[in-house]
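Worksheet: one structure, shown below.
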Amino acid sequence: MPAKISKILQTLEPSATLAMAAKAKELKAAGRTVYDLSVGEPDFNTPEHICQAAVAAMKAGHTKYTVASGIPELKKAVVEQYQAVHGLEYAPTQVVIANGAKHALHNVFTAILDPGDEVVIPAPYWVSYAELVKLTGATPVIVETQQENDFKLTPAMLRAACTPRTKVLLLCSPSNPTGGMYSREELGALADVAIEKDLLVVADEIYERLVYGNHIFASFATVRPGLPERTILINGVSKTYAMTGWRIGWSISPANIAKAIADLQSQETSNPCSISQYASLAALQGPQDCVEKMLVEFAKRREFVSRRIAEIPGLSCAEIAGAFYAFVNIKQHLGRKLGGVRIDDSTQWCLELLDKKGVAAVMGAAFGAEGYARLSFATGMANLEAALGAIEDFVK
Ligand code: PMP
Ligand code: GLU
């Protein structure tokens with residue numbers, strides 16, 4: 001008889017974004033033409049000077065264990081960046097370098113949550129949040145937001161979701177999957193409720209450098225005095241520097257939480273890859289024109305995708321302020337027969353779209369928002385042109 005899986009893992013959903021990306025890769029390997037708009041992974045190569053720094057690190061013998069919570073140089077570079085860009089004063093000991101921002105989030109939730117605690121998560125939310133919270137035995141409290149309001153949580157919605165057990169508010173701005181971003185004023189109004197209700201706020205700001213048009217990013221910790229004491233910032237190099245495979249992200253927390261996370265990581269994984277840490281140091285400290293160049297490309301794709309979605313009958317999406325996703329409303333096409341099959345929900349819609357037209361998108365259901373599909377535009381223009389054409393055909 002196969003061994004029994006633990007109760008908590010029996011309830012764990014695998015990552016839908018990664019599952020869809022794996023499906024797309026499988027079909028490609030089998031010889032099908034696939035336009036992969038599933039995963040949020042920049043298609044650019046990691047900039048050359050960052051790769052060179054990794055080679056230099058290996059040659060210099062940085063191939064051994066490092067301090068479990070990360071090399072002091074990288075923590076210092078992170079702190080200096082927050083000082084320079086946001087005027088925030090942190091000590092390097094408040095930074096824990098992890099194996100990607102996803103791992104940083106897992107560390108944070110493990111460090112601060114007990115069974116029974118509640119975490120308010122506005123939906124649509126990134127696929128991993130609710131699952132990582134559930135792993136601790138705490139309860140994700142999902143608060144639905146509306147497309148008409150750019151999928152933003154309001155102070156009234158937050159207040160209504162709070163109970164005596166609410167410990168954490170989770171915010172992702174710019175947002176995966178909606179591309180929405182809170183203004184400084186909107187964050188301030190949410191911060192007032194967080195202060196009133198004595199909440200910790202986990203602010204996932206991994207897309208902070210990928211912001212378009214006139215939109216201006218504000219880090220949550222800066223919008224009211226005293227917020228760093230109740231804020232945990234999440235960030236990393238994956239998206240900004242096209243470094244998804246290097247697996248470096250970090251959390252910045254109040255000192256006691258950072259200490260708990262560092263202790264956890266020392267037992268859990270030891271340090272993140274030594275070579276990747278030196279490469280990330282070069283990313284933060286080296287020339288930043290590579291980020292600007294990638295942003296120019298993302299901005300062109302954003303224009304194109306927004307325009308094409310507006311042109312296709314029955315599809316719509318909210319304005320994309322940041323990140324590289326379009327969260328497309330497909331509700332008018334549900335309950336219809338498409339490609340000979342009746343389609344009732346976003347999962348069926350995405351599976352049929354992949355099967356019939358070779359376009360890989362991620363079902364809104366995985367982000368807690370039925371009736372939507374997420375398209376990642378972290379892929380080349382030719383791919384996007386073909387994919388949007390195929391989507392247009394599909395819904396016709
Ligand atoms: N947060 C958000 C909002 C994301 O979209 C991602 C994408 N993977 C992550 C965290 C994790 O990034 P990584 O683990 O690659 O640093
Ligand atoms: N965050 C990206 C996405 O949403 C990468 C995949 C993942 O880690 O979920 O597609």
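Order of appearance sets the numbers: ligands from 1, and atoms from 1 within every ligand. Values below: all heavy atoms of this structure, side chains included; hydrogens, waters and symmetry mates excluded. One is the number of the first residue; the rest follow in order along the sequence.
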Counting from 1, what ligand 2 atoms have a heavy atom of [X] closer than 4.0 Å?
X: Val39; result: 5 (C), 6 (C), 10 (O)
X: Ser15; result: 9 (O)
X: Leu18; result: 6 (C), 7 (C)

Backbone or side chain, does any N or O of [X] fall under 3.5 Å from an N or O of ligand 1?
X: Lys239; result: yes
X: Ile248; result: no
X: Arg247; result: yes
X: Asn99; result: no

Worksheet item: Which of these passes side-chain contact (heavy atoms from CB on, under 4.5 Å) with Asn271: Lys64, Gln277, Gln265?
Response: Gln277
Worksheet item: Taking the six-membered ring for Trp, are Phe327 and Tyr372 parallel (under 30°), tilted (30 to 60°) or perpendicular (over 60°)?
Response: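 Because their plane-to-plane angle is under 30°, the rings of Phe327 and Tyr372 count as parallel.
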Practice prompt. Could you label the plane-to-plane angle of the His103 and His106 rings as parallel, tilted or perpendicular, counting under 30° as parallel and over 60° as perpendicular?
Written response: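 If you compare the ring of His103 with that of His106, the planes turn out perpendicular.
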Should you measure from each heavy atom of [X], which atoms of ligand 1 turn up under 4.0 Å away?
X: Gly100; answer: 14 (O), 16 (O)
X: Ser238; answer: 13 (P), 15 (O), 16 (O)
X: Asn176; answer: 3 (C), 4 (C), 5 (O)
X: Cys172; answer: 3 (C)
X: Tyr129; answer: 3 (C)

Worksheet item: Just heavy atoms, cut-off under 4.0 Å: does Thr244 contact ligand 2 by side chain, backbone, both, or neither?
Response: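 Under 4.0 Å from ligand 2, Thr244 contributes no heavy atoms.
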Worksheet item: Between Phe367 and ligand 2, which part of the residue brings a heavy atom under 4.0 Å of the ligand: side chain, backbone, both or neither?
Response: neither
Would you say [X] and [Y] make side-chain contact, with heavy atoms under 4.5 Å?
X: Leu354; Y: Met20; result: yes
X: Pro122; Y: Met157; result: no
X: Phe217; Y: Pro174; result: yes

Does this structure show an ion pair linking [X] with [Y], if we count only N-O contacts that are shorter than 4.0 Å?
X: Arg308; Y: Glu392; answer: yes
X: Lys300; Y: Glu297; answer: yes
X: Arg302; Y: Glu319; answer: yes

Judged on heavy-atom distance to [atom], which of [options] sits nearest?
atom: atom 1 (N) of ligand 1; options: Thr244, Val237, Asp204; answer: Asp204
atom: atom 5 (O) of ligand 1; options: Trp126, Tyr207, Trp250; answer: Tyr207
atom: atom 1 (N) of ligand 2; options: Arg374, Lys239, Lys102; answer: Lys239

Discussion item. Can you confirm if the aromatic rings of Tyr325 and Tyr207 lie within a centre distance of less than 6.0 Å?
Written reply: yes
Discussion item. Checking Ser316 against Gln147: is there a side-chain donor and acceptor pair closer than 3.5 Å?
Written reply: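 Yes - a donor-acceptor pair under 3.5 Å links their side chains.
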Discussion item. Looking only at distances, can you tell me whether any N or O atom of Gly40, backbone or side chain, sits closer than 3.5 Å to an N or O atom of ligand 2?
Written reply: yes
Starting from [atom], what is the nearest protein heavy atom, named by residue and atom, and what distance separates them?
atom: atom 16 (O) of ligand 1; result: Ala101 N, 2.6 Å
atom: atom 12 (O) of ligand 1; result: Ile206 CD1, 3.6 Å
atom: atom 9 (O) of ligand 2; result: Thr17 OG1, 2.6 Å

Discussion item. Asn176 vs Arg374, test: side chain to side chain contact (heavy atoms under 4.5 Å, CB included). Steps then yes/no.
Written reply: CA-CA 9 Å; Asn176 177 2; Arg374 190 193 75 174; 2.7 Å; yes
Worksheet entry | hydrophobic_cluster_shared for Leu153 and Leu199, side chain cutoff 4.5 Å | yes
Discussion item. If the contact criterion is a heavy-atom separation under 4.0 Å, does Ser128 count as touching ligand 2?
Written reply: no
